[in-house]
Amino acid sequence: MKPLLGLTAGLLFFCGHAAADCLTRGTGDMGIVIERAAGSLQVVDTTAHKALFRVEGLGDLSHASAVYSRDGRYAYIFGRDGGVTKVDILCGKIVTRVVQAGNSIGGAISQDGQLIAVSNYEPGGVKIFSAQDLSLIADIPATGIIDRDGKQKGSKTVGLVDAPGQRFAVSLYDSGEAWVIEMKNPTAPKIQRYTQIGALPYDALVTPDGRYYISGLFGQDGLSLLDLWHPETPPRIILQGYGRGEQMLPVYKMPHLEGWAMAGNRAFLPAVGHHEVLVVRQDDWVETGRVKVHGQPVFVMARPDGRQVWVNFAFPDNDTIQVIDTESLVVVKTLKTGKGALHMEFSPRGEEVWISVRDKDEVQVYDTDSMELMYKLPVDKPSGIFFTSRAHKTGL
Amino acid sequence: MKRKAPTATLILAITVMSGTVSAEISPVRQAEIIHLLRHDCGSCHGMRLEGGLGPALVAKRFTDWNIDQLALTILYGRPGTPMPPWRPFLTDGEAYWLATRLKEGIQP
């Protein structure tokens, strides 16, 4: 460690290599944890349960997400300020960084690993970059809308994911659309636009097999379902009945649909405006059950073997995590982590789950069988946790 | 969901007129409200309030707004949109104090 670095407050949280020496090892048991307030991240070792590097200078990470190159060496981090940063996790350093829009929300990597797509709030739209050097390849502006003040602007784009066939799918919040962008020829994107998919899609996901693209709707009951095997058929609304006739509760943080929780042929989804997790049969998209939970669910994530679903919650219930047994649909554990349990990530085969606890400045690692706290890592205002096992999963 | 703005205006107007609003917000509570602004409002408006799913909460946006309008939006939300009512977590006085900070321009 260089003595000079000791002056930065961040180092209080970190003990590992100086950025100069690169590691010689596989990355399969590595990951990153976003430090949302400091605009930095920590590279972690999920076997040793320790930090390896701290990387600074990533801009506004208040709502950051990340994807991995298929060799598991590079993480691409999407920040709220429109920044896209390519980080070499073996060397703990930034390779390239571009600030591509005023305000962005998330990104995806293409099936072949060559393209990085970013969705933007401001100005709305999707930009596609080379995964190599982050040079711009395509710029697809969003549908124009008139905002509350009568000003013309682009619809916000949300729920951007990759899909088989070198495609990306994205939803448009203000204009209620879903687009499928095919990038087989990078110089000539082919865009299929579906209009009127439902009111105010706020996030979306793709099923792990890459077949179904599902957008959560804030402005109406149900979710919008697009079958990517049949792009000729427009999306339809599923789970239309859910929430009907019930008072919608206020939502203090929007649920995230990333991380499709599948257990057998059932999917688990966060309800919006109801303190429930919805259980859906995947064959015909019929609701087969609901699990009452502690608050507005934000992330509903299945342990890789599908036996448990872990749920975190929106303000003011973000000090709690609940675990649902997927066989009995019973909440088997309620954990109090401390305030600001923002994100969860399972180890690749699920024996552990890492949980960010913002107000405690720590990541807590639980054994998923005993549900006991095993380790704590000091991290400055941690939010998203992303392990390299995502590199080979569609939609993550 | 139905909007209850008229009653709210009345309640707030009374509180405001009684002159007891910002006086009683302790420094500790002020720090809590700023923490709320940064992290919880921030989850939709951006931690630096530069916008997200919700619009940027910056002074230039609010030049034509009066404090009441701003405080009411915070307390009662905007039905039909994701902007939730903060009534359960903020008193009228606290919302008024926060509205004043936002109108002045604040970087939490």
Side-chain angles (χ1 to χ4, degrees), chain A residues 36-39 59-64 79-82 101-106 120-124 147-149 151 153 156-158 173-174 199-203 216-220 247-256 272-273 296 298 314-316 318 339-340 342 358-359 381 383, chain B residues 1-5 8 28-29 31-58 60-65 69-70 72-91 94-95 98 106-108:
Chain A
R36 76 194 295 257
D60 181 352
L61 297 184
S62 62
H63 193 298
R80 175 148 251 166
D81 58 1
N103 200 318
S104 73
I105 176 77
N120 293 311
Y121 274 162
E122 190 71 65
D147 74 6
R148 294 174 54 85
D149 303 323
K151 273 189 275 178
K153 61 170 193 175
K156 296 184 173 80
T157 48
V158 299
Y173 173 79
D174 306 274
L200 303 180
Y202 63 89
D203 196 12
L217 303 173
F218 192 86
Q220 70 176 79
Q247 177 77 33
M248 191 166 157
L249 300 166
V251 176
Y252 290 98
K253 181 175 180 167
M254 301 302 284
H256 280 261
V272 58
Q296 167 66 53
V298 176
F315 174 91
N318 62 18
K339 275 195 194 152
L342 297 186
R358 181 193 64 209
D359 289 6
K381 298 278 174 292
S383 57
Chain B
M1 270 189 284
K2 267 238 142 152
R3 214 167 166 165
K4 294 206 202 97
V28 174
R29 184 59 187 150
E32 280 170 13
I33 298 170
I34 296 302
H35 185 273
L36 179 89
L37 179 64
R38 183 175 166 82
H39 293 290
D40 298 303
C41 309
S43 78
C44 290
H45 292 281
M47 205 165 63
R48 296 174 190 169
L49 306 184
E50 282 158 356
L53 189 68
L57 302 179
V58 290
K60 77 169 191 301
R61 161 79 189 141
F62 300 125
T63 38
D64 296 339
W65 290 46
Q69 253 177 309
L70 204 44
L72 282 173
T73 305
I74 297 170
L75 285 170
Y76 295 94
R78 202 171 265 167
T81 81
M83 173 61 190
W86 291 86
R87 195 77 195 76
F89 310 105
L90 297 171
T91 64
E94 288 166 353
L98 180 56
I106 178 171
Q107 268 262 291

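Reminder, nothing fancy here: chain letters follow the sequence lines and each chain counts from 1. Every heavy atom of this structure was used, including side-chain atoms; hydrogens, water molecules and symmetry mates were not.
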- Task: Measure B:Pro88 against the heavy atoms of chain A and call it side chain, backbone, both or neither at under 4.5 Å.
- Result: side chain
Contacting region of [X] [heavy-atom separation from chain B under 4.5 Å]:
{"X": "A:Lys253", "answer": "both"}
{"X": "A:Arg358", "answer": "side chain"}
{"X": "A:Asn318", "answer": "side chain"}

Closest approach of [X] and [Y], non-hydrogen atoms and distance?
{"X": "B:Gly80", "Y": "A:Leu200", "result": "O-CD1, 3.9 Å"}
{"X": "A:Asp359", "Y": "B:His35", "result": "OD2-CE1, 3.4 Å"}
{"X": "A:Ala37", "Y": "B:Arg48", "result": "O-NH2, 4.1 Å"}
{"X": "A:Arg80", "Y": "B:Leu53", "result": "NH2-N, 4.0 Å"}

- Does A:Tyr202 reach the main-chain N or O of B:Pro82 with its side chain, forming a donor-acceptor pair under 3.5 Å? no
- Task: Report yes if the side chains of A:Tyr252 and B:Pro85 come closer than 4.5 Å at any heavy-atom pair, otherwise no.
- Result: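 In contact.
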- Evaluate the side-chain proximity of B:His39 to A:Lys381: yes if any heavy-atom separation is below 4.5 Å, no if none is.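 Yes, side chains in contact.
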- Point-to-point distance, once rounded to the nearest 0.5 Å, from CD of B:Glu50 to OH of A:Tyr121: 14.5 Å
- Message: For the OG1 atom of B:Thr81 and the CZ atom of A:Phe218, what is their distance to the nearest 0.5 Å?
- Response: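 The distance works out to 6.5 Å.
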- Residue among B:Ala56, B:Gly51, B:Cys44 with most heavy-atom pairs under 4.5 Å to chain A: B:Gly51
- Item | Leading residue by heavy atom contact count with chain A [cutoff under 4.5 Å; candidates B:Pro55, B:Gly42, B:Gly46] | B:Gly46
- Query: Parallel, tilted or perpendicular: which fits the ring planes of B:Trp86 and A:Phe315, with parallel below 30° and perpendicular above 60°?
  - Reply: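 Correct class here is tilted.
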- Message: Are there over 12 heavy-atom neighbours, none belonging to A:Lys153, within less than 6.0 Å of that residue's NZ?
- Response: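 Above 12, so yes.
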